[in-house]
Amino acid sequence: MTEDSSADLYFSGALERLGECDANVAVAKAKEKLDSLDSVTLNIAVAGETGAGKSAFINAFRGLDDDDDNSAPTGITETTKQVTMYTHPSKSNVRLWDLPGTGMPNFKANNFLKEVKFETYDLFIIISSERFKENDVFLAKEIEKKQKRFYFVRTKIDNDIRSVAKTRHFDEQKVLCTIREDCRRNVKELGNPKVFLISSYDLGKYDFQDLVDTLESELSEYKRFALVQSVPVCSLAMLEKKKKFMEKFIWLAGLASGLGAVIPVPLLPVVIDKMVLTTFLVHCHYALGLNENSLIILSERTNKPLSQIKSAIKSPLALAVVDKLRIRPRTSVAKPVKSLEELLDAKLLVTNFVNASEAFNATCTILRGALNDMINDMRQVLQAAGLNE
Ligand SMILES: Nc1nc2c(ncn2[C@@H]2O[C@H](COP(=O)(O)OP(=O)(O)OP(=O)(O)O)[C@@H](O)[C@H]2O)c(=O)[nH]1
Ligand SMILES: [Mg+2]
């Protein structure tokens with residue numbers, strides 16, 4: 001098969017995915033779909049007894065430390081008495097809802113759910129730092145009756161591990177297994193649901209990745225996009241997950257950027273809408289955690305100097321995105337030689353697009369390469385932060 005015909009096949013495959021044979025309509029549809037993916041809301045409710053670790057979990061999920069500005073207040077005396085919504089710092093359409101504690105003796109799950117307006121949420125996370133109690137089970141049953149999903153999270157696992165780590169014959173896997181079995185016994189009347197073991201202070205360990213995989217598999221396509229974009233990159237495994245996920249949307253951005261395809265003038269070169277490409281790359285930048293705020297938090301959490309972490313970002317493209325967002329680094333970081341637009345121009349100019357198919361394949365190649373560069377940079381960042389296991 002010649003190069004040209006495989007390019008055409010790739011292009012027609014993209015049109016097919018959108019159920020369109022007209023390139024002009026497909027471009028408009030691709031833009032619409034990208035917009036919808038960006039604006040879909042995901043509402044996650046976090047419930048559990050007072051002190052279980054709801055607010056700390058919400059902070060961790062938002063990639064924040066407990067003492068950051070805008071983080072949910074945590075601590076022994078910082079009880080959440082009313083429903084509070086926290087938006088994700090870089091994806092404001094992802095919202096985490098901190099629900100009041102459920103530990104009181106006469107707890108009525110049905111009333112509770114009405115009071116917190118259960119219909120608002122896409123799913124519930126029920127957190128406990130010990131065994132799950134009667135109230136947790138009551139709540140899960142009511143959530144199920146209301147045809148919503150719930151997930152059990154057993155948090156503060158780092159404490160459990162620390163408390164037995166110095167004992168003789170310590171075996172972390174055995175300890176985790178015992179806790180998991182113990183928790184599952186308490187909730188087995190609900191049909192043996194999974195229980196995810198988590199430390200909100202170290203999401204890269206234990207079952208956080210499994211929780212994200214499970215949520216992802218049970219959400220609709222659009223909500224799944226919001227979820228995977230927003231979860232913090234806390235490990236190499238999470239980075240790989242994001243890579244695979246974002247690669248799946250390259251064709252859509254490639255198609256949406258085919259501005260020329262909607263102007264039906266034969267023999268005129270196809271014009272590429274660079275805004276679509278830069279927007280896609282800026283999204284990748286945030287989703288991968290290459291943005292200033294995420295790097296600062298990473299540096300604080302891992303006790304590694306920010307300058308060391310930032311110096312791991314080397315690709316001209318990633319540096320150009322940083323510059324485009326006008327994030328002035330606290331410490332010196334290499335200045336990009338070329339702006340993001342110049343870099344894209346340089347890549348696009350060398351190719352003479354005579355038709356939409358050619359333009360589509362070229363933009364997809366550029367986006368794929370750009371994403372790869374950013375992923376490689378983030379790998380180096382994780383390594384610099386000591387999170388490369
Ligand atoms: N070691 C450790 N401590 C945690 C973890 N999650 C929460 N904590 C601590 O547990 C205490 C209570 O956590 P919060 O997040 O405030 O609990 P909450 O469920 O929001 O409590 P209320 O708002 O009172 O209902 C705080 O001191 C947290 O620092 C965790 O995963 N590991
Ligand atoms: Mg709280």
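Quick note: residue numbers are just sequence positions, from 1. Every number for a ligand or one of its atoms is a count from 1 in the order of the listing.
The structure places CG of Asp207 at 11.5 Å from OG of Ser199, a figure rounded to the nearest 0.5 Å. To the nearest 0.5 Å, atoms CD (Glu49) and CZ (Phe107) are separated by 9.5 Å. Distance check, rounded to the nearest 0.5 Å: OG1 of Thr120 to CD1 of Ile44 gives 13.5 Å. Between atom CD1 of residue Ile179 and atom NZ of residue Lys156 there is a gap of 13.5 Å, rounded to the nearest 0.5 Å. One finds the CG atom of Asp213 at 6.0 Å from the CG atom of Asp210 (value rounded to the nearest 0.5 Å).
Between Asn159 and ligand 1, an N or O atom pair is found at a separation short of 3.5 Å. The shortest N or O to N or O distance between Ile157 and ligand 1 is not under 3.5 Å. Checked by distance only, ligand 1 and Lys54 come closer than 3.5 Å through their nitrogen or oxygen atoms. Among the atoms of Gly101, none of the N or O lies under 3.5 angstrom from an N or O of ligand 1. Considering backbone and side-chain N/O atoms, Phe57 never comes within less than 3.5 Å of an N/O atom of ligand 1.
Near Thr74, with a cut-off below 4.0 Å to any heavy atom, the atoms of ligand 1 are 15 (O), 16 (O). The atoms of ligand 1 that sit less than 4.0 Å from any heavy atom of Ser200 are 30 (C), 31 (O). Using a 4.0 Å cut-off to heavy atoms of Ser199, the atoms of ligand 1 that qualify are 31 (O). The contact set between ligand 1 and Thr155, taken as ligand atoms under 4.0 Å from a residue heavy atom, comprises 31 (O). Atoms of ligand 1 lying under 4.0 Å from at least one heavy atom of Glu49, given by number and element, are 19 (O). Residue Gly75 approaches ligand 1 through these ligand atoms, each under 4.0 Å from one of its heavy atoms: 16 (O), 26 (C), 27 (O).
Side-chain atoms of Ser55 and Asp98 form a donor-acceptor pair, as typed in the model, at a separation below 3.5 Å. Residues Asp377 and Ser315 have side chains that bring a donor and an acceptor to within less than 3.5 angstrom of each other.
Put simply, the side chain of Ile161 reaches to within 4.5 Å of the side chain of Ile157, judged on heavy atoms.
Note on ligand 1: Gly48 sits outside its first shell, no heavy atom being nearer than 4.0 Å.
Within the coordination shell of the Mg ion (ligand 2), defined by N, O or S atoms under 2.8 Å, Thr74 is absent.
In this structure, the side-chain contact (heavy atoms from CB on, under 4.5 Å) partners of Lys114, at least two apart in sequence or on a different chain, are Asn110.
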Open item on the list: One pair to check against ring pair (Phe, Tyr, Trp, His ring centres under 6.0 Å): Phe124 and Tyr151. What are the steps and the verdict?
Closed with: CA-CA 6 Å; Phe124 289 76; Tyr151 301 86; over 10 Å; no
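Only the side chain of Asp158 comes within 4.0 Å of ligand 1, judged by heavy-atom distances.
Considering Ala56, Ala72, Ala47 only, the shortest heavy-atom separation from atom 6 (N) of ligand 1 involves Ala56.
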